[in-house]
Engineer: 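Pasting in a structure now, in structure tokens, and then I'll have a few things to ask.
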Amino acid sequence: MGEATHHPGDPLAGAGALWKALRALLPDTKEELKLDLSEKVEMSVVTLLQQATELFYEGSRDECLQTSEAILDYSWEKLNTGPWQDVDKDWRRVYAFGCLLKALCLCQVPGDAATVAAALRVCDMGLLMGAAILGDILLKVAAILQTHRSGKRPAHSSTQEQPSTKVDVENPDIEKFPKFTEAPFQSCVLSPGEILFIPVKYWHYVRALDLSFSVSFWWS
């Protein structure tokens with residue numbers, strides 16, 4: 001996406017370097033900010049996505065924030081019903097889109113460091129549980145938020161570290177990722193009451209064998 005052109009009276013116009021940087025990532029019109037989804041996503045959800053986008057471009061921040069929360073709640077249920085490998089990618093894209101709108105709405109008005117941190121957490125969830133949308137826009141939003149968080153500036157890098165792998169571990173595309181077959185790994189099956197410690201920055205993949213509940217915690 002190219003840099004957006006701003007016009008007088010633009011409902012998305014706002015003050016502050018953070019919002020200007022985020023706004024530059026977005027297209028000028030709501031018609032350009034959309035997802036092409038399969039019929040597996042209910043029409044009611046597609047309509048909700050359209051409504052949220054319209055509210056955002058109208059500058060109706062609170063209503064857009066509320067609608068994006070509804071999108072996230074519904075798509076979250078879809079992401080956590082059955083094995084992860086059976087989750088349709090379009091539902092992950094819907095979740096990522098909801099995270100995008102929520103993060104943008106949080107930053108649309110000037111806020112403190114806590115607001116920026118909250119928006120960054122939303123982006124992190126979208127990157128972890130969602131799928132790439134709109135030219136990896138969530139990754140770009142997260143990079144901008146990280147830059148403005150508490151006035152800190154990350155070390156310059158031409159690429160940002162991906163929080164999740166693009167390889168389907170159980171059905172890898174060997175042509176696209178030929179070295180995946182050479183990656184060393186260890187596997188185990190956890191029984192009730194057992195716990196597995198995974199060192200920082202170790203890639204890992206988990207599949208539930210029956211009904212389960214999982215919690216992740218990122219140490220600072």
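Just so you know, residue 1 is the first one in the sequence shown, and it goes up from there.
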Engineer: side-chain contact (heavy atoms from CB on, under 4.5 Å), that's the test. Do Thr53 and Lys34 meet it? Break it down for me.
Structural biologist: CA-CA 8 Å; Thr53 304; Lys34 65 177 183 178; over 6 Å; no
Engineer: Rounded to the nearest 0.5 Å, what separates atom OG in Ser191 from atom CD in Glu194?
Structural biologist: 4.5 Å
Engineer: Please say yes or no: joined through hydrophobic side-chain contacts below 4.5 Å, possibly via intermediate residues, are Leu139 and Val167 part of one cluster?
Structural biologist: no
Engineer: Tell me whether Met43 shares a hydrophobic cluster with Leu48, the cluster being built from Ile, Leu, Val, Met, Phe, Trp, Tyr side chains joined at under 4.5 Å.
Structural biologist: yes
Engineer: How long is the straight-line distance from OG1 of Thr67 back to CD of Gln51, given to the nearest 0.5 Å?
Structural biologist: 6.5 Å
Engineer: Do Glu32 and Thr29 have a side chain donor and acceptor closer than 3.5 Å?
Structural biologist: yes
Engineer: For a quick test of reading the model, state the closest non-hydrogen atom pair linking Ala96 to Leu138 and the distance between them.
Structural biologist: O-CD1, 3.6 Å
Engineer: Take atom CD of Glu39 as the centre, draw a 6.0 Å sphere, and report whether it contains more than 12 heavy atoms from other residues, nucleotides or ligands.
Structural biologist: no
Engineer: For the pair His204 (side chain) and Tyr202 (backbone), establish whether a donor and an acceptor sit closer than 3.5 Å, ignoring hydrogens and angles.
Structural biologist: yes
Engineer: Quick check on the hydrophobic clustering: are Leu65 and Tyr57 connected, directly or via other members, by side-chain heavy-atom contacts under 4.5 Å?
Structural biologist: no
Engineer: Tell me if the centroids of the rings in Tyr205 and Trp84 come within less than 6.0 Å of each other.
Structural biologist: no
Engineer: Does a side-chain heavy-atom distance below 4.5 Å link Lys78 with Glu42?
Structural biologist: yes
Engineer: Looking at every heavy atom in both Gly98 and Ile71, which two are closest together, and how far apart are they?
Structural biologist: CA-CG2, 4.1 Å
Engineer: With under 30° as parallel and over 60° as perpendicular, where do the rings of Phe56 and Trp19 fit, or are they tilted in between?
Structural biologist: perpendicular
Engineer: For Thr115 versus Leu106, what's the shortest heavy-atom pair and its separation?
Structural biologist: CG2-O, 3.2 Å
Engineer: About how many Å separate NZ of Lys102 and SG of Cys123, when rounded to the nearest 0.5 Å?
Structural biologist: 11.0 Å
Engineer: In terms of side-chain geometry, is the basic nitrogen of Arg93 or Asp90 positioned less than 4.0 Å from the acidic oxygen of its partner?
Structural biologist: yes
Engineer: Flag yes if Ile198 and Trp203 sit in one hydrophobic cluster, no otherwise; membership is Ile, Leu, Val, Met, Phe, Trp, Tyr, and two members link when side-chain heavy atoms are under 4.5 Å apart.
Structural biologist: no
Engineer: For Thr147 and Ala143, which heavy atoms make the closest approach, and how far apart are they?
Structural biologist: OG1-O, 2.9 Å
Engineer: In this structure, which one of Leu104, Val141, Leu134 forms a side chain to side chain contact (heavy atoms under 4.5 Å, CB included) with Leu26?
Structural biologist: Leu104
Engineer: How about Met129 and Arg92: do any of their side-chain heavy atoms sit closer than 4.5 Å?
Structural biologist: no
Engineer: Name every donor-acceptor pair, under 3.5 Å, that has one atom in a side chain of residues 175-187 and the other anywhere in the protein, sequence neighbours excluded.
Structural biologist:
unit_1, atom_1, unit_2, atom_2, d
Thr181, OG1, Pro178, O, 3.3

Engineer: Applying a strict under-4.5 Å side-chain criterion to I, L, V, M, F, W and Y, I'd like to know whether Leu33 and Ile133 cluster together.
Structural biologist: yes
Engineer: Could you tell me which non-hydrogen atom of Cys99 sits nearest to which non-hydrogen atom of Val122, and how far apart they are?
Structural biologist: O-CG1, 3.3 Å
Engineer: Please report the interatomic distance CD(Gln146) to CG(Asp124), rounded to the nearest 0.5 Å.
Structural biologist: 8.0 Å
Engineer: Compare every heavy atom of Leu145 with every heavy atom of Val116, then report the nearest pair and how far apart it is.
Structural biologist: CG1-O, 3.6 Å
Engineer: Keeping to residues at least two apart or across chains, list the ring-ring contact (aromatic ring centres under 6.0 Å, His included) pairs with something in residues 95-137.
Structural biologist: Trp76-Tyr95
